**Student:** 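After the structure tokens below, expect a handful of questions from me.
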Amino acid sequence: MVQFDPITRHIGARMTGIDARRPLTPPEVAAIEAGLDKHAVLVLPGQDITDEQQLAFTANFGAFQEGANSTERRHELRLDPAFADVSNLDRSGRRLDRDDRRRMASLGNRLWHSDASFRVVPARYSILSGRIVVTKGGNTEFADMRAAYDALDDATRAEVEDLVCEHSLIFSRGQLGFENYRDEELAAMKPVRHRLVRTHPVTGRKSLFLSAHIGGILGWPRPEAMAFVRDLMEHATQPVFVYAHRWTQHDLVMWDNRTTMHRVRRFDDLNSVRDLRRTTTRGDGPTAEQEAA
């Protein structure tokens, strides 16, 4: 029997009664989706799964998000291209050097973001498997964008209602000084447009669609836009809206990118190994970018 034990007032629940290693029944899939609709983040402990089992589990929840590894060529990948490699390991299993290009790019995960918001159609669910975890640091924090929207004052809620933002990996990585882009990456990283306020297709709840990938608001001077986005980010990531997940090996954590932001916290990636593997499903349309095309 599937059970949910809420973790915080707004966001997160521990889910038991599911074995991600075996095929799911339609009622189990429906229960997981309903749990995500309510809690936005689900923690499934003790899921010692293989890559093949994670792919099969993820396929229950829709099409895979394309381009999980945004800065790596296929021959450089450690994992199947369907995975985002959230580790500090190279193809041979060695820790990445301090100045490794992939390590530099992955530091963007320490910024608050929503997965694939830089895509024309951003992500729906992310499913992250803790294969090797660290004991100090490396927590993943999640912020509830529904509760953050609900807590806006009336004037700000009216102001954000019809705003459209531009998202790109260039904007988020630029905050950290990353400038080492290949020509094909620059072509693939052209900004895309998304509404700042989204309505969940099942629950009808509104949420803020914030991310470090935002680099502007249509019709606004960029400095004013970025100052406003920073204010909204500070509001949305107040402790009351946040759940910090401390990893245990074989945790499987799922979240709905349509209603959350997340970030990883710093850990000693030069002297310890952290191997997490993420699969991601494609979100909903039409988006503002598709409507503008």
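Computed from a predicted model, the values in this text were never measured in an experiment.
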**Student:** Give, for atom CG of N257 and atom OH of Y125, the distance between the pair rounded to the nearest 0.5 Å.
**Tutor:**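 The OH atom of Y125 is 10.5 Å from CG of N257, to the nearest 0.5 Å.
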
**Student:** Measure the CD-CD1 distance between E179 and I170 for me, rounded to the nearest 0.5 Å.
**Tutor:**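 One finds 11.0 Å between CD of E179 and CD1 of I170.
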
**Student:** Could you work out, with side-chain hydrogen bond (donor to acceptor under 3.5 Å, both in side chains) as the rule, every residue matching S92, not counting sequence neighbours?
**Tutor:**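 With sequence neighbours excluded, S92 shows a side-chain hydrogen bond (donor to acceptor under 3.5 Å, both in side chains) to D90, R94, given in chain and number order.
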
**Student:** Taking only residues two or more places apart in sequence, or in another chain, which ones meet W112 in a ring-ring contact (aromatic ring centres under 6.0 Å, His included)?
**Tutor:**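 If we apply the ring-ring contact (aromatic ring centres under 6.0 Å, His included) test to W112, skipping adjacent residues, there are no hits.
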
**Student:** Measuring from atom CD1 of I127 to atom CZ of F61, what distance do you get when rounded to the nearest 0.5 angstrom?
**Tutor:**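 CZ of F61 is found 5.5 Å from CD1 of I127.
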
**Student:** Measure the spacing between CG of D115 and CG of N109 and express it to the nearest 0.5 Å.
**Tutor:**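 The distance works out to 8.0 Å.
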
**Student:** Do R278's NZ or CZ and the ring of F83 fall within the cation-pi criteria of under 6.0 Å and 45°?
**Tutor:**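 Relative to the ring axis of F83, which defines the angle, R278 lies outside at least one limit.
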
**Student:** Quick check on the 6.0 Å ring-centre criterion: do F118 and H167 meet it?
**Tutor:**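 No: the rings miss the under 6.0 Å criterion.
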
**Student:** Just verifying a value: how many Å separate T16 OG1 and I18 CD1, rounded to the nearest 0.5 Å?
**Tutor:**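 Here the interatomic distance stands at 9.0 Å.
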
**Student:** Closer than 4.0 angstrom, basic N to acidic O: yes or no for R102 and D85?
**Tutor:**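 Salt bridge: yes.
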
**Student:** Testing V264, V133, N88 for side chain to side chain contact (heavy atoms under 4.5 Å, CB included) with L276, which one passes?
**Tutor:**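 Exactly one pass, corresponding to V133.
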
**Student:** Are F241 and H235 near enough that their ring centres are under 6.0 Å apart?
**Tutor:**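 Aromatic pair counts; centres sit under 6.0 Å.
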
**Student:** Give the ring-plane orientation class for H194 versus F209, where under 30° counts as parallel, over 60° as perpendicular and anything between as tilted.
**Tutor:**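 Correct class here is tilted.
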
**Student:** Are F142 and W255 close enough that their ring centres sit under 6.0 Å apart?
**Tutor:**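 Ring centres of W255 and F142 closer than 6.0 Å.
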
